[in-house]
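A, B, ... follow the sequence lines: proteins, then strands. Residue 1 opens every chain. Below, all heavy atoms of this structure are taken into account, side chains as well, without hydrogens, waters or symmetry copies.
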Amino acid sequence: MRLHPDRQYLCPNTQFPIMSLATTYSPTDVEAKWYQRWQEQGFFKASANPKKTPYTIVIPPPNVTGVLHMGHMLNNTIQDVLVRRARMQGKEACWVPGTDHASIATEAKVVALLKEQGINKLDIGREKFLEHAFEWKEKYGGIILEQLKQLGASCDWDRTRFTMEPELTQAVLRVFVDLYRKGLIYRGVRMVNWDPQGRTAISDEEVIAKDVQAKMYHLRYEVVSSQLSVDSSNVGPDNGQLTTDNYITVATSRPETIMADVAVAVNPNDPRFSHLAGAKVRIPLLGREIPVIFDEYVSMDFGTGALKVTPAHDINDYNLGLKHNLPVIDILNDDGSLNEKAVLYVGQDRFAARRNIVKDLEEAGLLAKVEEYASIVQTSERTKAVIEPKLSMQWFLKMEHMAKPALEVVENDTVKLHPAKFKNTYRVWMENVRDWCISRQLWWGQQIPAYYLPDGSFVVALTPDEALELAREQSGNASLQLNDLRQDEDVLDTWFSSWLWPISVFDGFKDPDNADINYFYPTNDLVTGPDILFFWVARMIMAGLEYRKEVPFKNVYLTGIVRDNQGRKMSKQLGNSPDPLDLIQQFGADGVRTGMLFSAPAGNDLLYDEKLVEQGRNFCNKLWNAFRLVKGWQVDSTLPFANDKPVAWFNARLQAAIAELDDHFEKFRISDALMTVYKLVWDDFCAQYLEMVKPAYQHPIDAETLRHTTTFLETLLKLLHPFMPFITEELWHALAERGPREYVTVAAWPKPSTVENSEALLAGMDKALAVVSGIRTVRNQKGLGPNKPLTLVAKTDEQTLFTEYEAIIRKLGSLSELSYAEAGPAGAVSFVQGSGEFFIPMEGHIDLAAERARVEKELEYAQGFRESVMKKLGNEKFAQNAKPEVLERERQKLADAEGKITALEQALKSL
RNA sequence: GGGAGAUUAGCUCAGCUGGUUCAGAGCAUCUGCCUUACAAGCAGAGGGUCGUAGGUUCGAACCCUACAUCUCCCACCA
């Protein structure tokens with residue numbers, strides 16, 4: 001802060017005690033204090049209250065592994081703004097917090113931690129591993145929620161849930177059993193996405209395609225037998241090389257999989273290969289013989305036209321294999337290394353094997369060519385490992401049945417997406433969704449409630465006892481014991497628990513008719529990122545419709561990604577992500593919250609810049625100083641009410657702004673809502689209103705003005721509260737005349753009231769302020785100080801109007817005199833506002849030529865403007881086609897322009 | 001490869017049904033200022049061929065057509 005050396009910043013005068021407050025707002029103590037009190041008061045607690053309208057948000061449960069990052073800051077600030085406003089609107093506002101067990105992410109973390117201690121997951125076994133995992137969760141799992149409190153998040157902490165707690169696990173199991181019995185869950189061998197690092201299957205949605213520069217290897221397979229002998233006349237000259245020396249060349253990007261080859265496929269219409277009917281070829285290096293098959297699936301114009309068929313390691317090859325009844329040879333272990341079936345390179349990792357086989361092929365002369373080739377690889381969203389298509393036994397949920405209604409409710413706006421453009425994305429996904437692979441070969445998660453009988457068949461049941469009963473029934477063997485049953489080793493996908501979140505947090509599965517679920521469900525708004533639109537949002541809609549026959553929420557607000565100011569994603573590697581807690585420390589939670597919201601339209605990425613939170617902090621400071629001013633005023637109750645006009649005007653502005661604010665909220669334009677209050681506070685209240693009513697230094701104010709001003713400030717605090725809860729609560733109480741008062745946290749949200757003559761007031765003040773602005777411009781141009789008393793002579797046909805605002809113009813313009821005249825005095829600088837002309841006598845020394853040039857320029861512009869309007873009005877077709885009100889407006893514009901031109905011409909004459 | 005969206009001031013974005021305040025806001029920039037609430041501030045100013053080229057219309061940032069560029073989503077050609 002820059003301080004003036006001669007100025008007293010702390011005023012010892014006890015007559016104005018508040019002035020001893022620092023000129024800047026200091027958030028740290030204030031925030032801790034109020035958060036604690038809010039909790040003591042139980043403001044965030046919500047319960048089914050039939051007298052109130054419920055308003056519910058369930059938090060997107062952060063991973064237990066997570067620590068607060070900028071994305072959470074944005075996301076949770078928005079939720080808190082919505083919840084706090086709803087609470088003030090008198091709704092029963094319920095924000096349910098919690099965490100997600102994040103199956104694969106957490107397991108990976110715990111595995112890594114154990115590894116550091118020299119412990120292998122497989123050595124200690126499932127039970128012991130889970131002990132470690134829970135220990136870890138107890139230690140770190142709650143950190144992120146504690147951090148949210150510092151942001152001011154007004155969650156009902158008593159309702160904190162965890163997706164893997166016993167109750168929620170029960171919900172998951174119930175749903176699994178139910179869907180299984182409905183025939184929607186099935187078990188089967190399918191080609192799935194296998195993550196060799198996590199050693200588990202993952203769903204299609206957890207796979208990320210990455211562009212890579214890959215290589216295409218052309219391998220030579222020796223033709224060992226053919227019904228037709230190789231006849232060179234059958235082979236075109238160009239294509240000769242494909243089978244030269246009795247070889248067929250096959251293109252592949254994965255040479256290490258040749259040991260799993262079961263055929264080479266060519267297109268039956270391809271003349272280059274027609275002689276190979278019934279032929280066999282030898283796998284390079286390995287020497288195993290495989291047939292040549294013909295299928296139109298093979299493109300003649302891609303690669304060499306010949307395709308190696310490897311059913312175990314490629315979905316297309318798998319389908320081809322099914323069609324041609326080919327065997328499946330899986331040469332990969334779960335961790336991506338080669339197994340004995342590969343015969344060669346056994347034990348090597350797939351990528352090492354690739355390097356080695358390429359070398360060996362080359363040495364053997366079986367590598368015809370290597371091409372650079374732009375391709376994509378599928379990677380695991382969580383571990384980043386390259387995915388292997390793998391044939392394995394997994395559990396699946398049929399999606400078609402659920403996708404249909406879930407699409408419909410978004411199409412017909414029962415669930416509204418904000419911004420609406422995501423509707424398209426959503427539709428495409430819903431129309432193309434495939435069955436959901438829900439089993440994971442992990443331990444951290446809900447174990448699948450399927451129990452295998454000794455004969456290999458299985459039953460699905462909520463509890464082991466129930467399973468035993470079913471098993472006895474199913475097998476007809478009444479002597480079966482629990483020991484004879486073996487529960488499925490796999491756990492369920494994390495999202496198989498999160499999709500139940502809006503229901504399960506209210507115990508809607510355990511007790512589907514309980515008071516909470518009936519009251520709080522469906523929830524109102526969901527705030528989350530578009531990256532989990534399918535993972536989570538779509539599936540919650542499905543679960544909601546399936547289990548409550550009702551959508552889980554009415555609005556989905558999709559935030560953007562927080563990036564750095566160069567547009568890069570924030571990441572640990574780049575080190576471009578600020579620590580949110582440091583930011584809160586430095587700028588205050590309110591400053592950070594508003595900073596985040598300043599630039600965050602729904603669905604757009606937010607380019608984070610520290611300038612934003614600085615702006616937020618500065619806004620807090622502005623508000624703080626407005627408070628200091630008002631609080632410092634002394635009242636003289638003998639003084640008459642001197643500010644009728646400013647009070648009436650600001651009230652009109654305020655009511656208009658409240659209506660505008662509500663409109664922005666309706667449309668989920670949160671940053672626009674913030675900007676509306678920001679400008680209302682900074683521009684209208686501080687820059688204009690307070691300057692109008694502010695008494696001269698150490699002069700008292702009249703009681704009426706103070707009363708109105710205090711009320712205004714209180715209303716502003718209410719409007720600001722959802723955005724900046726801490727400072728508003730602090731000032732709200734500091735503003736209280738005597739004793740404790742109710743909290744602004746639970747104050748009633750202002751309703752816009754209609755103000756009589758509102759439009760006239762607003763328009764009149766605009767004109768007055770334009771004149772003030774004109775005066776200040778002259779001051780600036782002429783290098784006059786802001787307080788040097790000036791004289792203003794006004795020549796206007798709206799004298800009555802200006803008389804009403806005269807006191808304001810005098811005060812804000814620092815005028816010693818304001819008079820009206822028919823003509824301007826000589827030796828004055830003038831400016832034109834509307835059709836009025838305003839003169840400021842300059843005591844002689846003004847530059848006439850410069851003045852003349854300035855006015856002439858303005859005149860020229862006005863004349864040009866008049867020309868264009870006249871031209872438009874003179875156009876017959878315009879006159880015929882334009883709507884009457886448009887015509888009327890054009891005429892008005894013309895009249896205004898003419899008034900201005902006259903005024904300017906007068907001004908020129910008087911110079 | 002398929003689809004969706006975007007392109008407006010230095011930056012981030014508004015701009016509804018073509019005509020009001022149609023070219024706006026915040027930030028940044030420039031100039032002046034210690035003026036007794038606030039220099040984390042005050043006052044004022046400058047800044048844009050609305051991606052390009054055509055078209056429709058009396059009239060286009062807005063509608064149509066091409067092109068360019070960017071972003072996102074989806075995708076089983078080895």
Rounded to whole Å, the CD-C1' distance (E610(A) to A40(B)) equals 13 Å
When only distance counts, do a donor and an acceptor, one from the side chain of E691(A) and one from the base of A37(B), lie under 3.5 Å apart? yes
Here the distance between atom C1' of C77(B) and atom CG of D317(A), to the nearest Å, is 10 Å
Same-atom distance (P) from C67(B) to A61(B), integer angstrom:
23 Å
Using a strict cut-off of less than 4.0 Å between a Lys/Arg side-chain nitrogen and an Asp/Glu carboxylate oxygen, indicate whether E660(A) and R669(A) qualify as a salt bridge.
no
Of the candidates A28(B), C58(B), G44(B), the side chain of S773(A) sits closest to G44(B)
Testing C72(B), G44(B), A78(B) for proximity to the side chain of R563(A), the answer is C72(B)
Is the W682(A) ring parallel, tilted or perpendicular to the F619(A) ring (thresholds 30°, 60°)? parallel
Here the distance between atom P of A78(B) and atom CD1 of I315(A), to the nearest Å, is 14 Å
From the candidates C73(B), G44(B), U36(B), the one with an atom nearest any side-chain atom of Y697(A) is U36(B)
Whole-Å distance, F619(A) CZ to A40(B) C1', equals 13 Å
Considering only heavy side-chain atoms of R669(A), the closest of A78(B), G15(B), A40(B) is G15(B)
inquiry  = Please report the distance separating the P of C27(B) from the corresponding atom of G5(B), rounded so that it comes out in whole Å.
reply    = 33 Å
Rounded to whole Å, the CG-P distance (L790(A) to U35(B)) equals 17 Å
Q) Counting any heavy atom closer than 4.0 Å, what does S299(A) reach on the DNA or RNA strands: base, sugar-phosphate only, or nothing? A) base
In whole angstroms, the gap separating C1' of C16(B) from NE2 of H664(A) amounts to 13 Å
Check: Given the C1' atoms of C11(B) and G3(B), what is the spacing between them in whole Å?
Finding: 31 Å
(request) Take atom P in A78(B) and the same atom in A4(B), then report the distance between them in whole Å. (result) 24 Å
Per atom distances to the D683(A) side chain, the nearest of A78(B), G26(B), A37(B) is G26(B)
Per atom distances to the L607(A) side chain, the nearest of U12(B), C76(B), G3(B) is U12(B)
Q.
If the threshold is 4.0 Å, N to carboxylate O, is there a salt bridge linking K323(A) and D295(A)?
A. yes
Closest of A37(B), A75(B), A78(B) to the Y373(A) side chain is A78(B)
Indicate whether any N or O donor in one side chain lies under 3.5 Å from an N or O acceptor in the other, for T249(A) and Y221(A).
no
Comparing K679(A) with Q781(A), nearest RNA chain B nucleotide closer to 5' gives the residue K679(A)
Is R427(A) paired with E411(A) through a side-chain N to carboxylate O contact shorter than 4.0 Å? yes
Paired to C77(B) by Watson-Crick or G-U wobble criteria (both distances under 3.5 Å) is none
TODO: Determine whether the side chains of D896(A) and Q892(A) contain a donor N or O and an acceptor N or O closer than 3.5 Å.
DONE: yes
- Task: Would you classify C686(A) as touching base, sugar-phosphate or nothing, given that sugar-phosphate means primed atoms plus P, OP1 and OP2, and contacts are heavy atoms under 4.0 Å?
- Result: base
> Which part of the nucleic acid does A687(A) contact within heavy-atom distance under 4.0 Å: base, sugar-phosphate only, or nothing?
Replying inline: sugar-phosphate
Q. Taking atom C1' in both U71(B) and C30(B), what distance in whole Å separates the two?
A. 34 Å
- Task: Select base, sugar-phosphate, or nothing to describe what R776(A) touches, counting heavy atoms under 4.0 Å on all strands.
- Result: sugar-phosphate
In whole angstroms, the gap separating C1' of A78(B) from CG of L320(A) amounts to 11 Å
Per nearest nucleotide of RNA chain B, the residue lying toward the 5' end, E890(A) or N625(A), is E890(A)
Quick check on C27(B): is either OP1 or OP2 less than 4.0 Å from any side-chain nitrogen or oxygen of W682(A)? no
Per atom distances to the K421(A) side chain, the nearest of G26(B), G41(B), G5(B) is G5(B)
Q) Can you find a side-chain donor-acceptor pair between K308(A) and T310(A) that sits under 3.5 Å? A) yes
Using a heavy-atom cut-off of 4.0 Å across all strands, would you classify V298(A) as base, sugar-phosphate, or nothing?
base
Atom CD1 of I775(A) and atom P of G32(B) are separated, to the nearest Å, by 23 Å
For the C1' atoms, the ones on A23(B) and on C50(B), what distance do you get once it is rounded to whole angstrom? 8 Å
### Message
Suppose we call a contact any N or O donor and acceptor under 3.5 Å apart; does that hold for the side chain of T23(A) and the base of C38(B)?
### Response
no
Hey, does K694(A) reach any base, or is it just sugar-phosphate, or nothing, if we go heavy atoms under 4.0 Å? base
Strictly below 4.0 Å: does N618(A) bring a side-chain N or O up to OP1 or OP2 of G41(B)?
yes
**Asked** Does N319(A) put a side-chain nitrogen or oxygen below 4.0 Å from OP1 or OP2 of C76(B)?
**Response** no
Has the side chain of R653(A) got a donor or acceptor atom that lies under 3.5 Å from a matching backbone atom of F685(A)? no
request  = Sticking with atom C1', work out how far C73(B) lies from U31(B), rounded to a whole angstrom.
outcome  = 49 Å
- [ ] With C1' as the reference atom in both, quote the distance from U7(B) to U12(B) in angstrom, rounded to an integer.
- [x] 14 Å
Of the listed A40(B), A75(B), C38(B), the closest approach to the R617(A) side chain comes from A40(B)
Which of C38(B), A78(B), G26(B) is nearest the side chain of Y678(A)? It is G26(B)
Base of C38(B), side chain of K622(A) - is there a donor-acceptor contact under 3.5 Å?
yes
